[in-house]
Amino acid sequence: MASPVPPSAVDAPKKVTLTGYVGFDTITQQIERKLLKRGFAFNVMVVGRSGMGKSTLVNTLFAAHLKDSNAPKRADTFRQTVDIQSISHVIEENGVKLKLTITDTPGYGDQVNNDNCWDPIIKYIKEQYSAYLRKELTPAREKRIPDTRIHAVLFFIAPTGHALTPLDITVMKKISEVANVIPVIAKADSLTMEERTAFKRRIKEEIEFHGIRCYPYIDIEEDVILSDTDRVERQTVQMIRDMIPFAIVGSERNVVIDGKAVRGRRTRWGIIDVENESHCEFVHLRNFLTRSHLQDMIETTASVHYEAFRTKQLVALKESTSQMGSYRSGPDTSSMTASQVSAA
Amino acid sequence: MADVVSIPIVKKKLAGYVGFHNLPNQVHRKSVKKGFQFTLMVVGESGLGKSTLVNTLFNTSLYPNKENKEPTHESPKTVEIQTISADIEENGVKLKLTVIDTPGFGDFVNNEESWRPILENIEARYDAYLEQENRVNRKRIVDTRVHACLYFIAPTGHSLKPLDIEFMKQLAGRVNLIPVIAKSDTLTEDEIKAFKARILEDIAYNKIQIYQPPMYDNDDPETVQENKDIISRIPFAIVGSDKEVDVGGKKVRGRKYPWGVIEVDNEDHCDFVKLRQMLVRTHMEELKEYTNEVLYESYRISKLARGGYEVSSDGSALNPLSKFEEEKLAHEQKMAKMEAEMKAVFQQKVAEKEAKLKQSEEELYARHREMKEQLEKQRLELEEKKRRLESGRPGTPEKGKKNKGLFK
């Protein structure tokens, strides 16, 4: 074994000035080229009672008719349990391909008795993690594991103007433990400005009171020396956290305002412009979701939620194998095959 | 029963002035003096604007603004029933208005049977009225029956929820059900039209009997047209507001948004005016009449057909004969019961006495035996002493004295 390296040589790499242009700054372009070829995948889940405008919002966010509303067509077709339906589209913009998967949860909160209506949702999210984990643990695994993990969950809150319902609180808490939850106030055009601020404040109080961790997360490291970029980033995160929950209005139809055709809603007493910041916060949500934090959400899902799931699974797996090889099924190990058990 | 003789009605022309055209005025004066009562129930999930609508309808702040409570872990477990009463007056006409609120309806995770407390409350009010009707002194009857129930539908724009359908099914036969679309400023005109059509479809599919304002043939065409208008707007798409906003210099009741102001009293903006017209201005008496003549009667029939009721003491039978039979039967039963009871008591007493006698007999025997034994013992002692004396044992003088005492 080599002699131990003196500690002074390991920490604080010395800053060296280059005497000429090397050219390794093109690594960002190399990565970009590679990523462009590969394409991105983003998985969104929308959770909320029927009639909140979930499908409309998704269509508005990505400016394309991606999904139809899941309203019951006839009076007798009421679902008894929560369905999970996913549809995928590949949308392209400026050469960047995005494989967008939208998972809808029709039937959530619609029945008379909504006990455990959140179980199918949590199960689905965990199944995606476990499928990914299984693929990761296979001895001969693919170069790029297709990522079906849910990166963002948009949780729709009804614009009652009072407080969160017990169902909302329970479900938000459960989902925030396994995925990134972004609460939004649906159909915010039914609240006046004062009602909106009061409602938001009330929701924030309740979220804090019940300990629901919404995305974006604030890192709690206080003693890290922040660089300028870090500080700016933290400010934006704080700004976004202050705006949560986003009060949004969605629309796929165009209305004419001042001669321009914009997406909005026309009523007898006024026209709501979806992209107008003083009308609703759709613009902020869209920028947050697609322009600034898309990659961050994918990363947070992989590094925080998926890792937590993985740790729990592998610990459980180790415990079950250490029990003299008796294959006792612990939490979610039923999704593991025998090869995983021997590989761990 | 004798046949009813049909008396031919002859139309006569009056020769002079009689004056009975003043009858409506007399009725009017009397009713105004008596005052009117109206009981309204509002049902719907929290946050749909029920309290605001009530305040808007009657132009008073019946309901104070809901205070924002601190978030707690406890939440109410059942649907509550809260009643507020107010005496309001307009142009000398007094109205005692009672509003029943149902907080908690539809707010829980599990909402099964959430309609039950509400139905029970309505039926309890019918029961109270039934009891008052059957009393001997019927001068002061207080009518607390619910005359109309406004059911608030959330403005999803899709269709009715299972909870809505279940509630309406359960209550449609007991109360005048008027569905309204709450917070309808969130829907555009087309969406409202489609939503209303879908709601009516759902209601018809589930055979729910909502309140239909009656159409009379002999009304003047204006009223008929008004009626038609009102009926066509059911379910009413409403917006409520008890605050005033500035519109072009005037102060109107409405809601101010960054993109415009919606006026509550503007017929083009929402159906609030039509709802108020129906509820207060034109159909209040109709609602009360329908409640009294149809809903209350049907409840009464179903209750009495079930065979009397546990609440009141007199079992109202259909005719006196059967009542007599009933009474005789009841009396005989009572007599038989009393007889049996008395027999039982008698038997019991006899048994008791016997037991007592036995016991005293035993006691006597025991005492007898005891005394015999004692006597025996004494005799033996005496004999012993006698023997001793005769055998010449030196006896102490006390012993002799004792002996003497014994022989006494």
Side-chain angles (χ1 to χ4, degrees), chain A residues 49-53 69-76 78 109-117 158-167 169-171 187-195 198 201-202 205-210 249 253 264-273 276 278-280, chain B residues 45-49 66 68-73 75 106-114 154-163 165-167 182-191 198 201-206 239 241 243 245 254-263 266 268-270:
Chain A
R49 296 164 68 164
S50 76
M52 291 269 154
S69 171
N70 268 316
K73 293 289 176 293
R74 273 192 58 211
D76 57 350
F78 281 124
D110 284 338
Q111 292 107 33
V112 181
N113 181 359
N114 290 312
D115 270 333
N116 296 327
C117 68
T160 59
H162 288 330
L164 290 176
T165 67
L167 180 64
I169 296 174
T170 317
V171 178
K187 297 198 169 176
D189 52 343
S190 72
L191 299 168
T192 61
M193 285 298 143
E194 306 94 44
E195 291 169 354
R201 189 183 35 210
R202 178 60 200 257
E205 267 177 30
E206 293 220 338
I207 287 180
E208 223 181 276
F209 181 82
H210 291 273
V249 177
R253 277 191 280 266
R265 290 168 65 75
R266 172 192 296 280
T267 56
R268 280 237 181 94
W269 53 91
I271 305 179
I272 305 167
D273 182 3
N276 187 334
S278 59
H279 287 188
C280 71
Chain B
E45 295 173 16
S46 76
L48 285 181
K66 293 238 161 77
N68 267 335
K69 299 180 298 213
E70 290 303 312
T72 57
H73 279 300
S75 42
D107 287 338
F108 311 117
V109 179
N110 182 357
N111 288 313
E112 276 168 8
E113 309 275 304
S114 52
T156 61
H158 289 329
S159 63
L160 286 178
K161 296 207 273 272
L163 179 64
I165 294 180
E166 194 178 308
F167 177 85
K183 295 197 170 178
S184 62
D185 52 347
T186 211
L187 300 167
T188 63
E189 224 180 302
D190 300 319
E191 289 169 353
R198 179 60 197 265
E201 224 180 85
D202 282 345
I203 286 178
Y205 181 83
N206 285 287
V239 177
S241 169
K243 291 198 250 299
V245 289
R255 291 170 65 75
K256 191 176 171 78
Y257 294 109
W259 49 88
V261 177
I262 174 171
E263 296 169 35
N266 188 332
D268 286 331
H269 288 189
C270 70

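Note on naming: letters A, B, ... go to the chains in the order of the sequence lines (proteins, then strands), and numbering restarts at 1 for each one.
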K.L.:
Hey, could you give me the OG1/CZ distance between B:Thr186 and A:Arg265, rounded to the nearest 0.5 Å?
P.N.:
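It comes to 6.0 Å.
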K.L.:
Shorter than 4.5 Å, heavy atoms on both sides: which option in A:Leu191, A:Asp273, A:Thr267 has the most such pairs with chain B?
P.N.:
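Maximum pair count with chain B is reached by A:Leu191.
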K.L.:
Can you see which heavy atom on A:Val112 is nearest to which on B:Glu166, and at what distance?
P.N.:
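Heavy atoms only, the tightest pair is CG2-OE1, 3.6 Å.
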K.L.:
Please state whether the side chain, the backbone, both or neither of B:Leu48 comes within less than 4.5 Å of a heavy atom of chain A.
P.N.:
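Answer is neither: B:Leu48 stays 4.5 Å or more from chain A.
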K.L.:
Using every non-hydrogen atom in the two residues, find where A:Asp110 and B:Pro162 come nearest and quote the distance to one decimal.
P.N.:
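Residues A:Asp110 and B:Pro162, closest heavy atoms: O-CD, 3.1 Å.
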K.L.:
Pick one: which of B:Lys243, B:Lys183, B:Lys256, B:Arg255 meets salt bridge (Lys or Arg N to Asp or Glu O under 4.0 Å) with A:Glu195?
P.N.:
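So the option named by the test is B:Arg255.
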K.L.:
Against chain B, work out which of A:Ile271, A:Asn116, A:Leu167, A:Thr165 has the most heavy-atom pairs shorter than 4.5 Å and name it.
P.N.:
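Sorted descending by pairs with chain B, the first entry is A:Ile271.
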K.L.:
At their closest point, which heavy atom of B:Pro258 faces which heavy atom of A:Met193, and how far apart are they?
P.N.:
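Smallest interatomic distance, heavy atoms only, reads CG-CE, 3.0 Å.
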K.L.:
Which of the residues A:Asp189, A:Asn114, A:Asp115 is involved in the greatest number of heavy-atom pairs with chain B at under 4.5 angstrom?
P.N.:
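The option with the most such pairs is A:Asp189.
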K.L.:
Give, as side chain, backbone, both or neither, the part of B:Val109 having an atom under 4.5 angstrom from any heavy atom of chain A.
P.N.:
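Interface part for B:Val109: both.
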K.L.:
Is it the side chain or the backbone of B:Glu112 that comes within 4.5 Å of chain A heavy atoms, both, or neither?
P.N.:
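Contact with chain A involves both backbone and side-chain atoms of B:Glu112.
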K.L.:
How many angstroms lie between atom OH of B:Tyr257 and atom OG of A:Ser190, to the nearest 0.5 angstrom?
P.N.:
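So the gap between those two atoms works out to 6.0 Å.
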K.L.:
A side-chain contact here means heavy atoms from C-beta on lying under 4.5 Å apart; do B:Trp259 and A:Asn276 qualify?
P.N.:
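Answer no - side chains too far apart.
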K.L.:
Heavy-atom cut-off 4.5 Å, strictly under: side chain, backbone, both or neither for B:Glu45 against chain A?
P.N.:
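Contact with chain A: side chain only.
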K.L.:
Quick check for you: to the nearest 0.5 Å, what is the distance between A:Arg253 atom CZ and B:Asp190 atom CG?
P.N.:
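Nearest 0.5 Å value for the CZ-CG distance: 7.0 Å.
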K.L.:
Quick check: are there more than 12 heavy atoms from other residues, nucleotides or ligands sitting under 6.0 Å from CD of B:Glu113?
P.N.:
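Yes.
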K.L.:
Please determine, among B:Leu163, B:Asp268, B:Asn110, the option with the most heavy-atom pairs under 4.5 Å with chain A.
P.N.:
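Of the options given, most contacts go to B:Asn110.
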K.L.:
Sort B:Glu191 into side chain, backbone, both or neither according to what part of it lies under 4.5 angstrom from a heavy atom of chain A.
P.N.:
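Contact with chain A: side chain only.
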K.L.:
Between B:Val239, B:Ile262, B:Asp185, which shows the greatest number of heavy-atom pairs under 4.5 Å with chain A?
P.N.:
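The answer is B:Ile262.
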K.L.:
What pair of heavy atoms forms the shortest contact from B:Ser46 to A:Thr160, and how long is it?
P.N.:
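Looking at all heavy atoms of both residues, the shortest contact is O-CG2, 3.5 Å.
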